[in-house]
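Reviewing the structure listed below.
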Amino acid sequence: MTTLLATITAVGLVGGLAPALQAQAAVTTSDTPDFGSSVKIYDQSTPVSTIQSDVDAAFNSQLRSTTAQFGSQRYAFLFKPGTYGRVWANLGFYTSMVGLGKNPDDVTINGAINVDSGWNAGDEKNATQNFWRSAENLSVVPESGTDRWAVSQAAPMRRVHVKGNLTMGPSNQDGGQGYSSGGYIADSKVDGTVTSGSQQQWYTRNSTLGSWQGGNWNMVFSGVQGAPANDFSKSYTTLGTTPVTREKPYLYVDSSNKYHVFVPSLRTNSAGATWPNTPGTDIPMRNFYVAHPGDSAATINSALAQGLNLFFTPGTYQLDAALNVTRPDTVVTGVGFPTLVPTKGNAVLTSSDVSGVNVSNLVLDAGTTNSAQLVRLGTSGSHVDHAADPQSIQDVFFRVGSSIQGKASTTLQVNADDTLVDHIWAWRADHGGAATGWNVNTGATGVEVNGDDVLATGLFVEHYQRYEVLWNGNRGRTIFFQNEMPYDVPDNASWQSPTGAGYAAYKVASGVTNHEIWGGGVYCFFSTNPSVHADRAFETPTTSGIREHGLVTVSLGDTGTISSVINGVGGAVPTPAGNTAPNRLVSYN
């Protein structure tokens, strides 16, 4: 165990500590920390029967459960380097399968990492609610030659090597049911064919594929070797490289059974996976405060003030104040979908306008008292160039309404220039363990971008009540956007923007002179009142520096109307053909 005195030593106060500094010095850390009872760690000596029993118990406890989707259960299965015999791992809500090697091929699972339909109570025929699960940093040899990953939002696959084929539709998709609504893959390799099946949309970034088959509304690829050619008539938007990436930090264990977090390096105009031999920075676990449910905001902020990074273990954290990140290059991460909830209308996490802050692997639930923001990155009005070392937020999932009737005006506010927003789902809930409704779980905006030169790769934002994405910064770029407008609009009189009927899902502010988006999909399903309509899905200035590529609108079940794709241009949905047919716009400006 280590007590971190770096901050105190630096100012020469070790000999005579003030009480406040003595309290800070009491925080202890370890290279072999306690990750909590929700984390199971295996090595090659673990009987396969034990592993199978553990993953079965986690999944079966959720089988056709009416409460698991918004329950408190959390499961993280961690595998030390080695090859594991036949494990068939069905993944349910809040379940992660994670390898602990430096490279994905250090851990090999024979069998399956399986996500399918047929198990979620009330939605057995579909995979559209297969949220909050993940597979990371391992390889899988599929028993049948094909692994199934029929997920929807908030279910990342990162640093995974599929030694076979991968299908992303559920097993019942050919029966006319079995819809799925994902999703996200990054820094991965699939040796065989990826079949998208019934997936409505998908984003694949910086990976290597044998080949790709299938497409529905909005399939986006950037930096993907083996991606299909760009052809939006077939739903494909393909970029040869991704402008800026920094892969998510990952946990690994060394040969001495000591834990580390590895932070991959920044890459520009890149393609393909980073591994093996991912470049980056190694941080020993002793440089992290490992948080557990029950820790207060004051305790966690004390650890941050000492210069520690944060690692959250699975569970729910009630926070009466924001966690304030002020040190450059601080890493805030976790495992097993740790869930942070504000209790006093506060933000959950804020960062100063410093370089390199890296936030990942969290769920943020709005509390019952309205928060102005849940996460605020950088300082409003400050514009410091962070291009060489940007802040980043990755695999962070916001919920306004879940098991809580939450409220938040804005869930993510990005003020820091050059920030990387890499796979988030900001969701004002259309259903939950607690009741939802237009005047119940209120939320105006999912993502507000005020910083310049911000890049979003994988932006999922749904059901907010005004502009769901509001982009005020210049030179912003988005690669892949997925949105559903709010289902519960009571009538158009209650939903009027300054420019007409309804609010655009993606709004670029009038003062912006340069912005670009590739692969944007906006869907409506005005189930409370199907006569509701929105004038447009996207709203931007019409200057030459603002360009859009591959935009699509859909009226789900032909329930409600979007009158145009962007700024009055592009046809309406429902289309004359009906039957949930999409309307496409290849480019604008």
Side-chain angles (χ1 to χ4, degrees), residues 40-44 46-64 75-101 104-120 124 126-127 130-152 155-174 178 180 182-185 188-199 202 204 207 209-210 213-214 336:
K40 302 288 187 183
I41 302 174
Y42 308 114
D43 60 31
Q44 289 187 96
T46 308
V48 172
S49 59
T50 298
I51 301 172
Q52 189 66 57
S53 177
D54 288 346
V55 297
D56 285 349
F59 182 75
N60 291 336
S61 69
Q62 304 186 39
L63 192 58
R64 297 182 179 85
Y75 307 102
F77 301 109
L78 277 52
F79 295 81
K80 292 183 177 180
T83 299
Y84 294 82
R86 200 259 189 195
V87 176
W88 189 279
N90 291 308
L91 269 59
F93 292 115
Y94 314 108
T95 303
S96 297
M97 292 276 288
V98 181
L100 291 174
D105 286 338
D106 294 342
V107 174
T108 300
I109 305 293
N110 289 281
I113 301 173
N114 187 62
V115 181
D116 202 351
S117 61
W119 64 277
N120 184 39
E124 288 92 348
N126 288 304
N130 283 353
F131 312 139
W132 308 306
R133 62 207 71 197
S134 65
E136 303 183 40
N137 198 34
L138 46 72
S139 65
V140 57
V141 180
E143 183 173 270
S144 64
T146 299
D147 204 58
R148 186 177 302 278
W149 188 250
V151 299
S152 290
M157 177 179 283
R158 288 186 186 258
R159 291 180 64 85
V160 170
H161 187 184
V162 179
K163 297 180 178 181
N165 303 314
L166 179 67
T167 185
M168 299 188 301
S171 56
N172 67 328
Q173 65 183 3
D174 293 331
S180 45
Y184 178 92
I185 292 175
S188 294
K189 297 180 182 179
V190 179
D191 293 344
T193 298
V194 180
T195 305
S196 62
S198 59
Q199 288 289 346
W202 196 274
T204 308
S207 296
L209 314 177
Q213 292 181 355

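In what follows, every heavy atom counts, from backbone to side chain, and hydrogens, waters and symmetry copies are set aside.
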Worksheet item: Just by modelled atom types, is the Val141 backbone N or O under 3.5 Å from a matching donor or acceptor in the Asn110 side chain?
Response: no

Worksheet item: Yes or no on side-chain contact (heavy atoms from CB on, under 4.5 Å) for Ile185 and Val190, after CA distance, side-chain angles and deciding distance?
Response: CA-CA 11 Å; Ile185 292 175; Val190 179; 5.6 Å; no

Practice prompt. Tell me, please, which residues at least two apart from Lys40 pass salt bridge (charged side-chain N to carboxylate O under 4.0 Å, His left out).
Written response: none

Fill in: Closest contact, heavy atoms only, Pro142 versus Val140
CD-O, 3.4 Å

Practice prompt. Mind jotting down which residue pairs meet the salt bridge (Lys or Arg N to Asp or Glu O under 4.0 Å) criterion with at least one end in residues 136-145? Sequence neighbours excluded, please.
Written response: Arg86-Glu143, Glu136-Lys248

Fill in: salt bridge (charged side-chain N to carboxylate O under 4.0 Å, His left out) partners of Asp56, counting only residues at least two apart
none

Worksheet item: Looking at Met168 and Gln199, what are the two nearest heavy atoms and their distance?
Response: O-NE2, 2.8 Å

Worksheet, complete the sentence: Hits for ring pair (Phe, Tyr, Trp, His ring centres under 6.0 Å) against Phe93, two or more places apart or cross-chain, chain-then-number order -> Trp119

Worksheet item: Which atoms form the tightest heavy-atom contact between Met157 and Ser188, and what is the distance?
Response: O-OG, 3.8 Å

Response to the item:
For Phe59 and Gly92, the nearest pair of non-hydrogen atoms, with its separation, is CD1-N, 3.8 Å

Worksheet item: Of all heavy-atom pairs between Ser180 and Val151, which one has the smallest distance, and what is that distance?
Response: CB-O, 4.0 Å

Worksheet item: Going through the checks in order, is the ring pair (Phe, Tyr, Trp, His ring centres under 6.0 Å) test met by Tyr84 and Phe79?
Response: CA-CA 9 Å; Tyr84 294 82; Phe79 295 81; 5.1 Å; yes

Fill in: Non-neighbouring partners of Tyr184 that pass side chain to side chain donor-acceptor pair (under 3.5 Å), sequence neighbours left out
Arg158, Arg205, Asp422

Item to complete: Could you tell me whether a side-chain N or O of Arg133 sits under 3.5 Å from a main-chain N or O of Phe131, the two making a donor and an acceptor?
Response: yes

Worksheet, complete the sentence: Between Asp105 and Lys163 the two heavy atoms that sit nearest each other are OD1-CE, 3.5 Å

Fill in: Qualifying residues under ring pair (Phe, Tyr, Trp, His ring centres under 6.0 Å), relative to Tyr75, sequence neighbours excluded
none

